[in-house]
Amino acid sequence: MDDAVGTLTRGTAEGGLTTGAVARLLGVAPTTLRSWDRRYGIGPASREGGRHRRWTSADIGLLECMCGLTNAGMPPAEAARAALAAASRDTPARPDERASRSRAPSSHTPGASSPTPGASSHAPGALPVGRARRECRGLAGAAVRLDAQAMDELLDAAIDKYGLLAAWESVIMPTLHAVGRKWETVGERYVEVEHLLSWHVSSALRRAAARRAPTAGSGVSLLACTPGESHTLALEALAAGLARQGLPVRMFGAALPVEAMEEAVRRTGPAAVVLWAQSRSTASRALVARVESIEWGVRGARRRPVVLVAGPGWAGQLPSRALHPSGLAEALDVLAAISRR
């Protein structure tokens, strides 16, 4: 901690830290910081020579807020809006900060959801989707009515209109969160809503994934939930996103036993393995080390997979070597780069 404080103090005195230094300070990948800057406007207030990022203590405070929200399971687009809103409440923005934050998500930015006036509904049975997209409110209403056809049509339309990534972050995830919040407040009454919506989301993701055949020559990504973990939707979104880029993927779903995971890695020889844990009780550092040690290939040219850990269960207990993408967007970028090596 003393080293980190010293680094921050020296960097601030010298006009700000570089992206690499900030990445080491916060324990995230430099590509994550660049992605947040580009996609969500979570970037430095000034740039050295007009191009190179230099992060001040205020910029790093914003990043720490963003990291905390994403580690808690909030989608990056939502986390960015919340972090920027909190920063604007805490301190008045300087002109250069206002210019930097003008790059934050707008209605023209892929993956961003613009507030809709009057979107908050208080009608009986309405889900608390808040100031979300009109499509989000429509999907929530269809879920409450248990209207299967309407859910299919709305999900397909959102993916076609915004693309899978933006539809996931701005329509699907907020609606799923709304269902979860409603279930927590009214008990068992909304269990059937959550189950039906989850099934239709899963079906829509598979339909989206089936539209493009894999491109030959790319490395396979193996996706699996850790043993004991049953939440699969985020992994299904990742599988669909990879498939739509023409990247080969093997999705093994919920609670894959350790022995089966080892066999799957040896038989498929994946370029990367993604392990999803929704809760801390299912996140296992020992499992990560075990998967990282698996080898395949001919003698003298053996290979090992790159391991990525995903999901809120890994917060606070990240394995030292494994990569930890902050959300769907970064996971797609990282896996695409690994697959195409």
Side-chain angles (χ1 to χ4, degrees), residues 20 23-35 67 70-71 73 214 217-232 234-239 241-243 245 247-341:
R24 291 189 295 273
L25 184 66
L26 299 180
V28 298
T31 54
T32 299
L33 302 183
R34 297 187 187 101
S35 176
C67 288
T70 56
N71 286 341
S218 297
V220 174
S221 294
L222 187 157
L223 315 183
C225 290
T226 57
E229 181 56 67
S230 60
H231 293 80
T232 65
L235 270 190
E236 292 178 52
L238 179 57
L242 291 170
Q245 293 185 40
L247 299 174
V249 59
R250 300 291 183 271
M251 169 62 173
F252 288 87
L256 186 65
V258 175
E259 295 77 11
M261 188 176 300
E262 291 180 325
E263 185 65 18
V265 171
R266 291 193 178 96
R267 292 179 61 184
T268 60
V273 176
V274 181
L275 302 175
W276 176 271
Q278 183 75 16
S279 66
R280 297 193 63 167
S281 64
T282 59
S284 169
R285 295 167 64 99
L287 173 63
V288 174
R290 194 164 171 176
V291 173
E292 285 178 330
S293 68
I294 300 175
E295 294 183 332
W296 66 88
V298 299
R299 188 181 300 275
R302 290 190 174 275
R303 298 175 55 198
R304 294 182 180 183
V306 177
V307 178
L308 288 74
V309 294
W314 298 101
Q317 53 178 341
L318 295 177
S320 58
R321 293 177 56 191
L323 302 178
H324 183 232
S326 62
L328 179 59
E330 188 189 352
L332 288 171
D333 290 343
V334 170
L335 289 172
I338 295 172
S339 181
R340 289 168 177 154
R341 286 176 182 172

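A 4.5 Å side-chain heavy-atom check between P305 and L222 finds every atom pair outside the cut-off. Between V307 and R321 the shortest side-chain heavy-atom distance does not fall below 4.5 Å. By the 4.5 Å heavy-atom criterion applied to side chains, S221 and R250 are not counted as neighbours. Between L287 and M261 there is a side-chain heavy-atom pair separated by less than 4.5 Å. Side-chain atoms of S279 and E229, non-hydrogen and from C-beta on, do get closer than 4.5 Å to each other. The shortest side-chain heavy-atom distance between L238 and L335 falls under the 4.5 Å cut-off. Looking at heavy atoms from C-beta onward, L256 lies out of side-chain contact with C225 at the 4.5 angstrom threshold. Here the side chains of V273 and E292 are not in contact, with every heavy-atom distance at 4.5 Å or above.
E262 pairs by the side-chain hydrogen bond (donor to acceptor under 3.5 Å, both in side chains) definition with R290, not counting sequence neighbours.
Taking both residues in full, the closest heavy atoms of L235 and V274 are given as CD2-CG1, 4.0 Å, listed atom of the first, atom of the second, then distance. What you find for A322 and V309 is that their closest heavy atoms are CB-CG1, 4.0 Å. Across L275 and W314, no two heavy atoms sit closer than the pair O-NE1, 3.3 Å. In terms of heavy atoms, P227 sits closest to V258 at CG-CG2, 3.7 Å. Minimum heavy-atom separation, A283 to G313: CB-O, 3.4 Å. What you find for G311 and H324 is that their closest heavy atoms are O-NE2, 4.2 Å.
Within a 6.0 Å radius of CZ in R267, no more than 12 heavy atoms belonging to other residues, nucleotides or ligands are found.
Going from atom OG1 of T226 over to atom NE2 of H231 covers 11.0 Å, rounded to the nearest 0.5 Å. To the nearest 0.5 Å, the span separating CG on L33 from OG on S326 amounts to 9.0 Å.
A donor-acceptor pair is defined here as one N or O able to donate and one able to accept, closer than 3.5 Å; no such pair exists between the side chain of T282 and the backbone of G228.
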